[in-house]
Undergrad: 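Handing you a structure now.
Every chain is numbered from 1 and lettered A, B, ... according to where its sequence line falls, protein lines coming before strand lines. Basis for what follows: all heavy atoms, side chains included, without hydrogens, waters or symmetry-related copies.
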Amino acid sequence: MTKQYAQIIVDVPTMQTDQPYTYAVPENMIDSLLLGMRVTVPFGRRNVMGFVVGLTASTDLPEEQVRPIQQILDLTPVLNTELLNLSDYLASETFAFRITILQTMLPNVFKANYERTLRIIDEVDDDVRDRLFKGLDEIAFKTGDFTESDMATLLKLRRQHKIDVEVAVHDKAKIKTQLAYQFSDDVEFLEDELRGLRSSAKKQATLLQFILCHLAETWVKKDLQEVIDISDAVLNQAVTKKWIMKTKVELLRDPFHAEVKQTALLELNAQQQEAYERISGTFDAQRFQPFLLEGITGSGKTEVYLQVAQHVFEQGKTVLFLVPEIALTPQMVRRVKGRFGAQTAVLHSGLSDGERYDEWRRIERGDVKIVVGARSAVFAPLTNIGLIIVDEEHETTYKQSDNPRYDARNIALWRGQYYQIPVILGSATPSLESRARAQRGVYELLTLTQRAGGAKLPSVNVIDMKETLSRGPETNFSEELRIKLADRLAKGEQSVLMLNRRGFSSFVMCRDCGYVPCDPNCNLAMTLHMDTHTLKCHYCGHEEKIPTVCAQCGSKRIRYYGTGTEKVEAELQELFPDARVIRMDQDTTRKKGSMDKMLQKFGNHEADILLGTQMIAKGLDFPDVTLVGVLNADTSLGLPDFHASERTFQLLTQVSGRAGRAKKPGEVLVQTFNPQHYAITYAQNHDYEGFYRQEMAVRHAGNYAPYYYTVQIQASHSDENQAAIQMLKVARWLRSHAEKDVIILGPSPKPIAKMRKRYYFQIILKFKKRNEMDTLLQELQNRAQKAKGDLQLSIDRDPVSFM
DNA sequence: AGCACGCCGACT
DNA sequence: GTCGGCGTGCTC
């Protein structure tokens, strides 16, 4: 028997252990151990979980250094070669640990559960036995169960071999099983048994006859008892008589059984047809090619996706369909399920760990042909993929904002390349980066310029709020908007009002001294919540009562500033007491399914006005909406971020697209204090290409993406001075090691400098040559890891936010 | 992450 | 001398 060795990535997320370790495969495991399985291995003086990422016949290590694998945790690999390769790519792309990446790619249940047991093995003090062990000989414990001094005591006892600790690695992924019976296939035996039965044994005879008709089949107990009325006693007898054998079959919970009616294919217009043919042609040629599908709102991008998907299905391949956020796109999900029915798996954030695991199993077993999901669905264990779709590709939700900071768009492209298939990036307002790639011919550009069914784009009017406010009292509603709203109400048509709260909050301020109550942890202005009459910090969740007296000067003249949806709703009710308003924001849609319910209500005309934050800008399709009002277009322009104009343009275009989607023409009113800003004027003219050209010039002048790569290095420390000093060191080190053409900005305190009792600083790097910088950044991270203190450093490639 | 090892000051 | 504090380095 030849020896075998396995390369294992262990579940210890640190820089020093971020490498494969070599273990010996015990002889009895050689046949069953496969690449991509999880195992437990001894590591130091404990056991940890690990992933098999390589199998070899030899090792350079001396024999005595190699320890054997302890246990195999999976029956089949949880990761295939494709996903293992992907994890390599991601590790270098995101500066994250291999183990973190591997766990990110899998459902939560695959994370190991470490159960530790303390056991007394020698005489100990009564105090220890009574207090720490609650009078018992052994006790289960988790980190944090004991105080630091108790931990010290326990550690000491262990060194004296008076107590022992045992760590068991458990698997959270339990395959739910159901009791079933496997029938015998021995016809003669069964027939003998049937003949030998007493005439009174009617039930047994029924069962035997049934078995004879279904030889060697496996029946779930519940199903069996439904078909033939047999009691448990009879079944047990049958087991002892060896007619049948007890087994277990996997039970799959199905969270989505709601049946949907099949929806028919819609006819494509000439542009859609052209796009369809370009993409399906690429699929037929088995070639990797990204397509940028730039289609104005309402131009029927979805129908193109679905028909290409249909074509891909017919060739026996599967489809991966990414959307920005399932909760915000219920209409899209319904359409996909309507077309592809039970072969669809929907991965959304509302799933419990168990449900998510079940969906994952369904996909992995090949029961599913199309997977619809948000960011993390890009890791769906589909094989044989024939098409990947990234809808609303400009959305920032595709980028994960904490470690590992991966970008689902890039992963989609990676997987597309792996399978040599087309990847569709669709948007009405493509990200500048993608549009620029299309310009360079990296992506193939497909454009849809006509709305489906011949509907027209709405006319957009920009209202200068400076004038409105100079004429009258403070208000959120210009005269023009009031008139239009009244008009729609009179005609029985619907309106959508959006309050742009991006980077904006309503707060409380003292009229006499200007004091703003800030939360004690983050030092940020707290946001006013009128429903609970409290002030909340949106970053750490701190909550307190609205003060009636100024904490700084004692004045009672505390006043509300800014605008929350609640305040707008109140003003709206005052202006139009008879209007039925639905308010949609984070507070009213927190509950699962409440958003969908509200949208259905609006769709059924049970309300006249839908008032909401930017969550209403996406994907909603209501034919009777003829007026869209944007109450404050420019709050997103003031963000400390070079994407501010792009985000504003995208938001305005998206929300405008909600108006006039059917027969009736739509109208949009945009209230702003910056009516001349190009992001607003180009959005007004529905001119994406014009905006793209101007914004590219701005980016070029400022050395921003897509002309330069951007990397954000951020560090935090519990001590403000230390944070600043360490980051200055980092900056100095970078300046002396980087090429001359690398632009290094900072360090500077982050716009939100203090968060959760830590101080944040950032350095922004802008550069042209990626490979050289990657090497440098990798080294920076190594050094940071070794540095002492509680400095936390993270590297974010192409950050989507600088907040 | 854990855990051992080893160096140093404080103390029965 | 010995105990326990913490900094350093290793885990196939």
Undergrad: OP1 or OP2 of dC3(B) versus the side-chain N and O atoms of Arg45(A): is any pair under 4.0 Å?
TA: no

Undergrad: Quick check on side-chain contact (heavy atoms from CB on, under 4.5 Å): which of Leu86(A), Leu413(A), Asn85(A) does Tyr418(A) satisfy it with?
TA: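 Considering Leu86(A), Leu413(A), Asn85(A), a side-chain contact (heavy atoms from CB on, under 4.5 Å) with Tyr418(A) is found only for Asn85(A).
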
Undergrad: Expressed as a whole number of angstroms, how long is the span from Asn47(A):CG to dG2(B):P?
TA: 13 Å

Undergrad: Do other residues, nucleotides or ligands put more than 12 heavy atoms under 6.0 Å from Asn771(A) CG?
TA: no

Undergrad: By a 5.5 angstrom centroid cut-off and a 30 degree plane limit, is there stacking between Phe43(A) and dT11(C)?
TA: yes

Undergrad: What's the CE-P distance between Met49(A) and dC12(C), to the nearest Å?
TA: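 Going from CE in Met49(A) over to P in dC12(C) covers 17 Å.
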
Undergrad: Report yes or no: is there a donor-acceptor pair, N or O only, under 3.5 Å between the side chain of Arg46(A) and the base of dA1(B)?
TA: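 When only heavy-atom distances are counted, Arg46(A) does reach the base of dA1(B) through a donor-acceptor pair under 3.5 Å.
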
Undergrad: For the ring pair Phe379(A) and Tyr406(A), is the centre-to-centre distance below 6.0 Å?
TA: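 Ring centroids of Phe379(A) and Tyr406(A) are less than 6.0 Å from each other.
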
Undergrad: Under the 3.5 angstrom rule, does the side chain of Tyr759(A) hit a backbone N or O of Gln722(A) as a donor-acceptor pair?
TA: no

Undergrad: Taking only Lys NZ, Arg NE, NH1 and NH2, and the carboxylate oxygens of Asp or Glu, determine whether Arg38(A) and Asp74(A) approach each other closer than 4.0 Å.
TA: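 Yes, Arg38(A) and Asp74(A) are salt-bridged.
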
Undergrad: Could you list by number each residue of residues 8-20 of chain A showing a heavy-atom separation from DNA chain C of less than 4.0 Å, or answer none if no residue does?
TA: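 Gln16(A), Thr17(A) - these, ordered by number, are the residues of the stretch whose heavy atoms sit under 4.0 Å from the strand.
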
Undergrad: Whole angstroms only, please: what is the CG-P distance between Asp60(A) and dC12(C)?
TA: 17 Å

Undergrad: Identify whether NZ of Lys or CZ of Arg in Lys766(A) sits under 6.0 Å from the centre of the six-membered ring of Tyr709(A) and within 45° of that ring's axis.
TA: no

Undergrad: Using whole Å, what does the distance between atom P of nucleotide dC10(C) and atom CZ of Arg67(A) come to?
TA: 16 Å

